[in-house]
There are 2 protein chains.
Amino acid sequence: MAQSEPHPRQNHLLAALPAADAERIFPQLEYVPMPLGHVLYESGIQMRHVYFPATSIVSLLYVMEDGASAEIAIVGNEGIVGVSLFMGGETTPSRAVVQSAGHAYRWAGQALKNEFYLAGPMQRLLLRYTQSLMTQMAQTAVCNRHHTLDQQFCRWLLLSLDRLSSNELVMTQELIANMLGVRREGVTEAAGNVQRAGLITYQRGHISVIDRPGLEARTCECYAVVKKELDRLLPYSDGL
Amino acid sequence: MAQSEPHPRQNHLLAALPAADAERIFPQLEYVPMPLGHVLYESGIQMRHVYFPATSIVSLLYVMEDGASAEIAIVGNEGIVGVSLFMGGETTPSRAVVQSAGHAYRWAGQALKNEFYLAGPMQRLLLRYTQSLMTQMAQTAVCNRHHTLDQQFCRWLLLSLDRLSSNELVMTQELIANMLGVRREGVTEAAGNVQRAGLITYQRGHISVIDRPGLEARTCECYAVVKKELDRLLPYSDGL
DNA sequence: GGCCGTCTGTGCGCCAGCGCCCATTGCAAC
DNA sequence: GTTGCAATGGGCGCTGGCGCACAGACGGCC
């Protein structure tokens, strides 16, 4: 996608809206910056807005009583942050943090709910996206149980890059460790392995993918499952 | 709850329906047996019905390519099996298996969808339940990452018992191991520890809880989070 | 009452990831 | 350029859970 003008259609959910709905909704959206590390929602706190990431990535992560954390899902330009607003719960026990800086389209919670109850295309899109989010969470649970850190690192990298439509990522190993819920040193080792295999280069927070097929071969099935399910639920053609 | 007559209100979602909706919906439900091990849905296969467990428990579990498995959520009389029908995806990449035999109320998928699109109380209940299910999945992911098998065993036991409104469970260690995605021997050890601590008795597939507060103290925070979130989203009073 | 299959308990060696500590290396700000 | 700090890379010993193999123990069935 061209970097050019910001436009709501950079977000795939918004892009999938029919013209009539888009005309009604787009004027309600606000284009806002998403600085790295910014906390959009805190666990248990009432949300006022939802966010449709355009050029940013948001992590949904769970912070435990002892401070340990784990990411449960990644949201980028394929989705929306704040599903609990239309699901009815208003809050969730998780935190939403900007993982990769950029921009997003912000929408007032009440406006979203009004639109949702019209039971039109937006409702359909939101529900289908929510299902894909559930798949991602479920897969994260499975992956945490069964797969090696190397595999999880690759999965995480691929999922993140897909959501940026890029093959570069700015992210320290420390942050990745927080996301994956592992030691920083563990990420150092995993990243080192992948780098030695010639699949990426990693220099002080800058990851570049050299061999994407190689990465996909190295990761576990979890990545493919999540991707396939998203494609199935929300087919997106870039040219739309 | 009295064991007496089967009645849809044994399921908390159905019980929460206002009289008018209940009168419309209940006649469409079919009271069906749920034999142990019965597979309600297979990964990727179109679903024809949803199930409201009354006296049974259903595990949503993920089976990997190599045969390893992991449970991502437990559904009992507090919920419904088959959320992807109204979420729009029709299928999920997971499998639904009866984990504790009993009965459930079955509802035709199309009837459910018709009701859902009325945007009445049933829709609200279903969406809120789905959110609680997401919490459970997320918590499972976190728990898999950070907590010991002992803690996970306690969490699993408590979640299961809550969904049976009982303090006894019929379940071999082999099955529990499949659910938790660990070795059978691991479960033997965890169960042994908990039994030696005087919190349960375990005899050839029959688990009885002796000291419930003790169990709750021994498990991780994950149990409380899931329970609290369910109570918040779907408050249920037994006398309703 | 005896047999058999299922379920449970235990004992190895093994390894991935943890917690802790410190060495090195770039980038950036002055 | 120098200095300072964030970021990365490695080296310990430790432990929880794995894979495997086998020994009891209970329960149902004939």
Side-chain angles (χ1 to χ4, degrees), chain A residues 36-37 64 66-71 99-101 141-157 168-197 200-208 218-220, chain B residues 36-37 64 66-71 99 141-157 168-197 200-208 218-220:
Chain A
L36 179 64
M64 318 210 33
D66 66 0
S69 64
E71 187 179 71
Q99 182 204 104
S100 178
V142 171
C143 203
N144 281 351
R145 164 62 70 207
H146 288 292
H147 297 136
T148 64
L149 184 44
D150 269 37
Q151 292 177 305
Q152 295 185 41
F153 173 76
C154 293
R155 171 183 63 91
W156 182 89
L157 193 54
E168 280 203 17
L169 192 61
V170 178
M171 176 80 44
T172 66
Q173 297 182 349
E174 178 82 43
L175 279 177
I176 297 179
N178 278 334
M179 303 293 164
L180 294 180
V182 299
R183 288 187 316 157
R184 197 266 311 155
E185 292 91 329
V187 175
T188 299
E189 199 178 330
N193 293 339
V194 177
Q195 186 163 15
R196 273 187 293 277
I200 62 168
T201 62
Y202 201 142
Q203 282 163 24
R204 294 185 77 74
H206 289 259
I207 312 176
S208 296
R218 199 183 180 95
T219 193
C220 44
Chain B
L36 179 65
M64 317 209 33
D66 65 1
S69 65
E71 186 179 71
Q99 182 204 105
V142 171
C143 203
N144 282 351
R145 164 62 69 207
H146 288 293
H147 297 137
T148 64
L149 183 44
D150 269 38
Q151 292 177 305
Q152 295 185 41
F153 173 75
C154 293
R155 170 183 65 89
W156 182 89
L157 193 54
E168 280 203 17
L169 193 59
V170 178
M171 176 81 43
T172 66
Q173 298 182 348
E174 178 82 42
L175 278 177
I176 298 179
N178 277 336
M179 302 293 164
L180 293 179
V182 298
R183 286 187 317 157
R184 197 265 312 156
E185 294 90 328
V187 174
T188 300
E189 199 177 331
N193 293 339
V194 177
Q195 186 163 14
R196 273 187 292 278
I200 62 168
T201 61
Y202 202 142
Q203 282 164 24
R204 291 186 77 75
H206 289 259
I207 311 177
S208 296
R218 199 183 180 95
T219 193
C220 44

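Just so you know, these numbers use all the heavy atoms, side chains as well, and skip hydrogens, waters and symmetry mates. Below, chains carry the letters A, B, ... as their sequence lines are ordered, and counting in each starts from 1.
Each side-chain hydrogen bond (donor to acceptor under 3.5 Å, both in side chains) pair with one or both residues in residues 170-179 of chain B, not counting sequence neighbours, appears once here: B:Gln173-B:Thr188. Applying the salt bridge (Lys or Arg N to Asp or Glu O under 4.0 Å) definition to pairs two or more places apart or across chains, those involving residues 141-157 of chain A are A:Asp150-A:Arg218. Screening residues 185-194 of chain B for salt bridge (Lys or Arg N to Asp or Glu O under 4.0 Å), with sequence neighbours left out, gives no hits.
Legend: residues meeting side-chain contact (heavy atoms from CB on, under 4.5 Å) with B:Ile207, ordered by chain and number and at least two apart, are B:Leu157, B:Leu169, B:Ile176, B:Ile200, B:Tyr202. A:Arg204 pairs by the side-chain contact (heavy atoms from CB on, under 4.5 Å) definition with nothing, not counting sequence neighbours. A:Thr201 pairs by the side-chain hydrogen bond (donor to acceptor under 3.5 Å, both in side chains) definition with nothing, not counting sequence neighbours.
Using a distance-only test at 3.5 Å, with no hydrogens or angles considered, a donor-acceptor pair links the side chain of A:Thr219 to the main chain of A:Gln151. Side chain of B:Glu168 to backbone of B:His206: no donor-acceptor contact under 3.5 angstrom is found. Judged by distance alone, the side chain of A:Asn144 and the main-chain N or O of B:Asn144 form no donor-acceptor pair under 3.5 Å.
To the nearest 0.5 Å, the span separating CE on A:Met64 from NE2 on B:His146 amounts to 6.5 Å.
Of the residues in residues 143-155 of chain A, not one places a heavy atom less than 4.0 Å from an atom of DNA chain D. Residues from residues 180-187 of chain B placing a heavy atom under 4.0 Å of any atom in DNA chain C, listed by number, are B:Arg184, B:Glu185.
Here C:dT8 presents its P atom at 15 Å from CG of B:Asn193, a figure rounded to the nearest Å. To the nearest angstrom, C1' of C:dG11 lies 11 Å from CD of B:Glu189.
In 5' to 3' order, the nucleotides of DNA chain D bounding all contacts with chain A (an atom under 4.0 Å from a heavy atom) are D:dA6 to D:dG10.
Two end axes, each from the C1' atoms of five base pairs, can be drawn for the helix from C:dG1-D:dC30 to C:dC30-D:dG1; they diverge by 30°, to 10 degrees.
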*What string of B, S and - do you get for nucleotides 2-7 of chain C, 5' to 3', if B is base contact, S is sugar-phosphate-only contact and - is no contact with any protein heavy atom under 4.0 Å?*
---BBB
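Nearest heavy atoms, B:Leu149 versus B:Val187: CD2-N, 4.2 Å.
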